[in-house]
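Below, chain A is the first sequence line, B the second, and so on; all start at residue 1.
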Protein chains: 2
Amino acid sequence: MKDILFDFISKYVSLTEDEKNALLSLDLFHTVKKGTVLLEEGQKTQDSYFVLKGCIRVYYILDGEERTTAFYTELDALTPHCVINKAPSDYYISCVEDSILLISNTDMSVEVNSKFPKFDVMCRMLSEELLAKQQMVFDEFKTSSPEQRYLNLLQKRPDLIQRVPQHQLASYLGIQPQSLSRLKARILKKK
Amino acid sequence: MKDILFDFISKYVSLTEDEKNALLSLDLFHTVKKGTVLLEEGQKTQDSYFVLKGCIRVYYILDGEERTTAFYTELDALTPHCVINKAPSDYYISCVEDSILLISNTDMSVEVNSKFPKFDVMCRMLSEELLAKQQMVFDEFKTSSPEQRYLNLLQKRPDLIQRVPQHQLASYLGIQPQSLSRLKARILKKK
DNA sequence: ACAACTCGTTCACCTAAGTTAAGAAACGAA
DNA sequence: TTCGTTTCTTAACTTAGGTGAACGAGTTGT
């Protein structure tokens, strides 16, 4: 697990042994059971998540209905909105599978970053990269139909379609579960 | 113009006179005429944009059709995807109105950031904030219908509806211009 | 084993967005 | 100004997604 983390970090900055040990001394690793709710609507938290293994999901409850807007899998990082703007969360985060997560809170980050400015640089690079990636995903979503979105997902994240319940996937694609079934049947017929 | 910039920066870090002068010596301010194309598909650039006055627009050309995915107005910052991942751009950026922009390139940033680490911190804060905001906008888009999106825009960025051509607005909402006209007529009828 | 529940799928019907076409209004260039 | 272009709107028709209901398969709990 440590290796996965340090390999990831090494894409951005190179760490000394001291810095690695400083990180490891923070008790960041957590195993989380499937179904665990990490964050609820209305709560405030200081925690950010980094997925080492497994899958977590962001969803809203609107008119009593779950609306899934994001899945985070291996090597994805998630800093909840409420951590940034210090307001209560307007969404939920839960665990789709048994997962191993790295959970860090703002206090830790502030402390580590002030001791090792290198982490500030890494965080900046990471946010910039995530922002650019997020924008691309958004652009693809906007410029395509539900059917194209499904086909696109089939290309880019085929694992998601297998590991995630279909009704969550439907809402992730912006449609109803029934429409996803119909859409899949339509695609099969075409071939 | 300088004041607008420094007021904006002061929300993140406080600058000394030296730091302010270092910024001003960089020749960042540019006036750009309506219709000017700042970035074309296939091009590489090092430039990031910050809108002091006016409006710029990001769009793709798919099957010969323009697809607008974003508008940037006063105090919005835009770092094109191609600056981050060093690949040719897959979209265009153009000027919707006569605008005053702050244009900075990567070389400048690297130089300034190494001289004043404070800017690294500011950039990190800014990217994190933008990422969170972007995610919220994306979530709203995903969880609502075109009609709701239009009503939402009417609430949150009413100026956009006035200052931007309707066909660009339609594609920003993920629909055809005809559908936007129809949708607006439908809303008027309801009232 | 059985009931209660969840999940994925199918169907029929409804509604809204896509498509094609046409005309009116606004804008720009000569 | 006038001609030509672009932009916006309206209409008629098509199509895909929303909605409500129903069914079977798989789970969970008793």
>> Could you tell me how far apart A/Q148 (CD) and D/dA16 (C1') are, to the nearest whole angstrom?
In response: 12 Å
>> Please list, in numerical order, the residues of residues 157-171 of chain A that have a heavy atom closer than 4.0 Å to any atom of DNA chain C.
In response: A/P165, A/Q166, A/H167
> What residues in residues 54-70 of chain A put a non-hydrogen atom under 4.0 Å from any atom of DNA chain D?
Replying inline: none
> According to the salt bridge (Lys or Arg N to Asp or Glu O under 4.0 Å) rule, which pairs have a member within residues 79-108 of chain A, sequence neighbours left out?
Replying inline: A/E97-A/R163
> Under a 4.0 Å heavy-atom cut-off, which of residues 173-181 of chain B touch DNA chain D?
Replying inline: B/Q178, B/S181
> Rounded to whole angstrom units, what separation is found between the CZ atom of A/R182 and the P atom of D/dG18?
Replying inline: 8 Å
>> Please tell me if B/R186 has a side-chain N or O lying less than 4.0 Å from either OP1 or OP2 of C/dA17.
In response: yes
> Of the nucleotides D/dG17, D/dA12, D/dT9, which one has an atom closest to the side chain of A/P146?
Replying inline: D/dG17
>> Going by salt bridge (Lys or Arg N to Asp or Glu O under 4.0 Å), name the pairs with one or both residues in residues 45-55 of chain B, residues two or more places apart or in two chains.
In response: none
> End-to-end bend of the helix from C/dA1-D/dT30 to C/dA30-D/dT1 (five-pair axes, 10° rounding)?
Replying inline: 50°
> Are the side chains of B/S94 and B/Y59 in touch, meaning some heavy atoms are under 4.5 Å apart?
Replying inline: yes
> What distance separates B/L173 CG from B/E147 CD, expressed to the nearest 0.5 Å?
Replying inline: 11.5 Å
>> Tell me the interatomic distance from B/E147, atom CD, to C/dA17, atom P, rounded to whole angstroms.
In response: 7 Å
